[in-house]
Amino acid sequence: MAKNLEAARNLLKASLDKSKQVGIELDETGSRLREINQRLVPLEVEFREVYNHRTTYVRVKNQVDCVIGPIAAIPRVYKAIIELEKAIAFSEPHTELFSYLFLIRRLEEGLKFLGSHSLLAIRWLEGVFELFEGDELLMNLKDSSGVLKKLHGMEESCHIQGGLLSNALDKLEIELGKLFALTSSLGEIHAIMERLKANGRLEKCVSLFVEIRVSIAKRRLQALGLDYLDDVKISNNVEIYIEQWSMHLELALKQIFDHEYKLSKKVFEKIGSNIWMTCFARISIESGILSFIQFGNEVANMKNDPIKLLTLLDIFKVLNNLRMDFNRLYGSSACIEIQNPTRDLVKRVVENAYDIFQQLPFQVGSQRRFSPPQDGSVPRLVKFITNYCNQLLGEDYKATLIEVLTINQQWKQEIYEENLLSIQFHNIMKEIGLNLDSWSKAYSDTSLSYLFMMNNHCHFTNLRGTHLGDMMGETWLTSHDQYKDYYATLYFKETWEKTLLPLLTQKGTTSLISVSISRLKAFNEAFKESYEKQSNWVISDENLRQKMRGILVEKVVTTYRCYIQSYKALVEQDSSAGKYVKHTENSLESKLSSLFQPKLATTKYSSSSSSNNNNKHVHLIGKLKNVVTNQLRFTLTAM
């Protein structure tokens with residue numbers, strides 16, 4: 001063990017001695033290295049300049065290797081472009097469209113290649129010029145740079161107006177316009193639009209499409225004869241115009257604008273829904289869809305009267321029937337300029353129709369201040385109102401009226417009352433009854449007042465079997481039938497039994513010639529007066545007229561016959577008494593049978609004609625309209 005420790009001590013001592021020597025040598029070496037380093041600094045600078053100069057040439061060589069290929073292709077591409085220009089110049093799109101499009105596409109590709117690679121070469125040369133500025137060996141390259149710049153600008157020059165590509169694209173636009181008019185080849189349309197879109201001419205495609213289709217849509221609309229849409233003075237013939245408007249609007253939507261809708265979608269759908277819907281909206285607006293809406297507004301803004309209610313219901317019915325077509329065609333946000341006026345029109349129609357309907361009883365009652373007919377016939381107002389109510393309750397209007405009333409009450413957040421219609425018509429007829437009572441008192445002749453009431457109750461009785469009669473009910477109709485007979489009896493008593501017939505029926509005096517002659521003369525005078533007066537009176541209903549004539553003939557002629565037979569015995573005693581016999585039985589009957597005849601043709605009103613009344617109100621109202629509606633219009637205007 002001791003030997004081992006001794007050996008280790010000796011080895012460690014030898015190592016320490018060696019380490020000291022190494023340290024001394026290292027210190028000396030470090031000094032020498034610092035001296036060498038100071039001498040190497042300028043050499044390093046010189047070497048670095050040489051190295052950098054060599055590296056520059058290497059870099060230029062590498063750039064030349066990268067650029068020489070594209071530059072070498074430029075002359076070949078330029079030559080191909082020249083050939084393409086010649087081919088395009090001698091071609092027309094309307095003869096070989098797809099070949100023409102192919103040539104244009106190749107020209108575009110060539111110009112883009114020429115432009116991009118020329119720019120690459122120009123930038124490289126500019127770098128070389130900067131690197132070797134003043135080197136005479138590179139001066140010749142500056143001419144090449146000018147040529148490359150011209151080649152780089154060739155694409156732009158072809159696109160500017162008058163340039164080859166610009167002219168070619170112009171020809172494509174002309175051809176596209178023709179195809180837009182024909183719409184027979186969507187494949188060709190899409191191919192042309194693809195090229196025009198690639199060259200930044202999509203907006204021009206849209207404008208061209210709209211322009212062409214607007215002109216075609218306008219021409220088709222004008223063929224319908226729509227001049228009346230621009231006529232602001234339509235009030236006199238509004239019913240006729242509404243019929244035309246209804247038919248023309250349906251044709252315009254379902255044929256003309258539906259076709260433009262589908263075509264716009266087919267042409268531009270691949271590009272984007274906003275574009276094709278915007279196109280269709282522009283076509284619709286510029287060709288005149290809003291003129292239909294404006295016409296509806298003109299009618300809705302006219303002064304309120306009962307006829308206008310029927311007209312407004314016509315408009316609402318048309319718009320409601322076409323609602324799905326409107327929503328399909330113009331439901332997009334692109335059609336907001338059509339949606340808003342249409343909604344406003346519907347709102348105005350519903351509100352005005354509701355207001356007019358609500359005011360009807362008041363309008364009827366306001367006519368009380370006017371005078372009744374001088375001939376005791378049914379007033380035009382009464383005929384008009386009953387016909388008008390029948391029209392509202394008929395198949396053409398009742399459902400529409402209920403829908404309008406329901407919509408208006410929903411807008412007001414009110415619940416529609418099922419009996420609202422019945423209540424309103426009962427109120428209207430109640431006002432008519434009050435009018436008749438008032439008018440009957442305006443007659444100075446009581447007999448004429450009775451005749452007047454008889455006429456009107458008969459008119460109401462004849463409503464049996466009509467829409468209005470059904471709504472008013474059998475009890476109402478029966479009561480008017482009874483009142484008709486009641487006033488007929490009063491008329492006969494007041495006119496004939498009370499004043500005329502007693503002259504021929506008094507007992508105990510027929511043996512005296514003077515008294516008999518006096519009675520006959522009084523009868524003649526009374527009959528003449530009564531006949532002349534009642535010759536101007538009218539019984540409106542033909543059946544009632546014949547019935548009343550029959551009663552008069554039976555009562556008067558029979559009484560007169562009995563009296564004349566007694567009078568003839570007196571004539572045998574005094575021949576001069578014969579000259580006071582002014583009438584024969586036949587002449588008297590003839591005169592009585594000629595009474596109550598209307599002087600002018602008036603509108604007949606019977607249950608049969610009313611129950612089959614399915615025509616438009618323009619045919620129903622006829623000659624009654626002008627007088628009555630003017631009165632009612634005046635009432636509403638004054639409110």
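Both backbone and side-chain heavy atoms feed into the values below; hydrogens, waters and symmetry mates do not. Note that the numbering runs from 1 along the sequence shown for the chain.
With sequence neighbours excluded, no residue forms a salt bridge (Lys or Arg N to Asp or Glu O under 4.0 Å) with K591. In terms of the side chain to side chain donor-acceptor pair (under 3.5 Å) criterion, E554 has no residue partners (sequence neighbours excluded). Scanning for side chain to side chain donor-acceptor pair (under 3.5 Å) contacts around K555 gives an empty result, with sequence neighbours left out. Under the side chain to side chain donor-acceptor pair (under 3.5 Å) criterion, S587 pairs with T584, sequence neighbours left out. Looking at residues two or more places apart in sequence or on another chain, you find no side chain to side chain donor-acceptor pair (under 3.5 Å) involving S287.
Closest of all the heavy-atom pairs between N390 and L468 is OD1-N, 2.9 Å. Taking both residues in full, the closest heavy atoms of S530 and T495 are given as OG-CG2, 3.9 Å, listed atom of the first, atom of the second, then distance. Taking all atoms of both residues into account, the shortest heavy-atom contact from P372 to W439 is CG-O, 3.5 Å. A pairwise comparison of heavy atoms in S535 and K599 identifies O-NZ, 2.7 Å as the closest pair. Residues I385 and I428 share a closest heavy-atom pair of CG2-CG2, 3.7 Å. Here the shortest heavy-atom pairing between L503 and A526 reads CD1-CB, 4.2 Å.
Residue K441 qualifies as open at atom NZ: its count of foreign heavy atoms under 6.0 Å is 12 or below. Shown here is K533, whose NZ atom has more than 12 heavy atoms of other residues, nucleotides or ligands within 6.0 Å. In Q546, the CD atom is crowded: over 12 heavy atoms of neighbouring residues, nucleotides or ligands sit closer than 6.0 Å. With a 6.0 Å radius and a threshold of 12 heavy atoms from other residues, nucleotides or ligands, E585 has its CD atom above the threshold.
In this structure, D314 and W245 have side chains that are not in contact, with every pair of non-hydrogen atoms separated by 4.5 Å or more. Counting only heavy atoms from C-beta outward, the side chains of L312 and F316 never approach each other to under 4.5 Å. A heavy-atom distance below 4.5 Å is found between the side chains of V553 and S593. Within the 4.5 Å cutoff, side-chain heavy atoms of L253 are placed close to those of Y330. Two residues are said to be in side-chain contact when any heavy atoms from C-beta on lie closer than 4.5 Å; H459 and S540 fail this criterion. Side chains of F596 and L544 form no contact here, defined as non-hydrogen atoms less than 4.5 Å apart. Contact check for D445 versus E494: no side-chain heavy atoms found under the 4.5 Å cut-off. Considering only heavy atoms from C-beta on, V404 stays 4.5 Å or farther from V349 through its side chain.
Judged purely by atom type and a 3.5 angstrom limit, S479 uses its side chain to pair as donor or acceptor with the backbone of W476. Side-chain N or O atoms of R545 include none that pairs as donor or acceptor with a backbone N or O of Q597 at under 3.5 Å. The main-chain N or O of A217 is never found under 3.5 Å from a side-chain atom of E260 such that the two would form a donor-acceptor pair. Remark: side-chain polar atoms of T478 are not paired, donor with acceptor, to backbone N or O of T475 under 3.5 angstrom. Between the side chain of K308 and the backbone N or O of A300, at least one donor-acceptor pair lies under 3.5 Å. The backbone N or O of G376 sits less than 3.5 Å from a side-chain atom of N455, completing a donor-acceptor pair. Counting only distance, with no hydrogens or angles, the side chain of T466 and the backbone of L463 share a donor-acceptor pair below 3.5 Å. No side-chain donor-acceptor contact under 3.5 Å links S440 to the backbone of S449. Not a single donor-acceptor pair under 3.5 Å links the side chain of N435 to the backbone N or O of Q367.
In this structure, CD1 in I315 is found 11.5 Å from CG in L310, a value given to the nearest 0.5 Å.
Between Y228 and F295, the ring planes lie perpendicular to each other; the angle is over 60°, past the 30° to 60° tilted range. Between H457 and F460, the two ring planes are perpendicular [angle over 60°; tilted spans 30° to 60°].
Aromatic ring centroids of Y397 and H467 lie 6.0 Å or more apart.
Inspection of the S594 and Y531 side chains reveals an N or O donor paired with an N or O acceptor under 3.5 Å. Side-chain polar atoms of D541 and N462 form a donor-acceptor pair below 3.5 angstrom. Side-chain contact annotation: Q534 with Y491, donor-acceptor N/O pair under 3.5 Å present.
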What pairs of donor and acceptor atoms, side-chain ones from residues 481-490 against any protein atom, are under 3.5 angstrom apart with sequence neighbours left out?
residue: D481; atom: OD1; partner: K484; partner atom: NZ; Å: 3.0
residue: T489; atom: OG1; partner: D485; partner atom: O; Å: 3.0

*Test E431 against R368 for salt bridge (Lys or Arg N to Asp or Glu O under 4.0 Å), laying out the working first.*
CA-CA 9 Å; E431 292 297 326; R368 227 163 279 160; 2.4 Å; yes

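Of the charged side-chain nitrogens involved, at least one lies within less than 4.0 Å of a carboxylate oxygen, so that K254 and E250 count as a salt-bridged pair.
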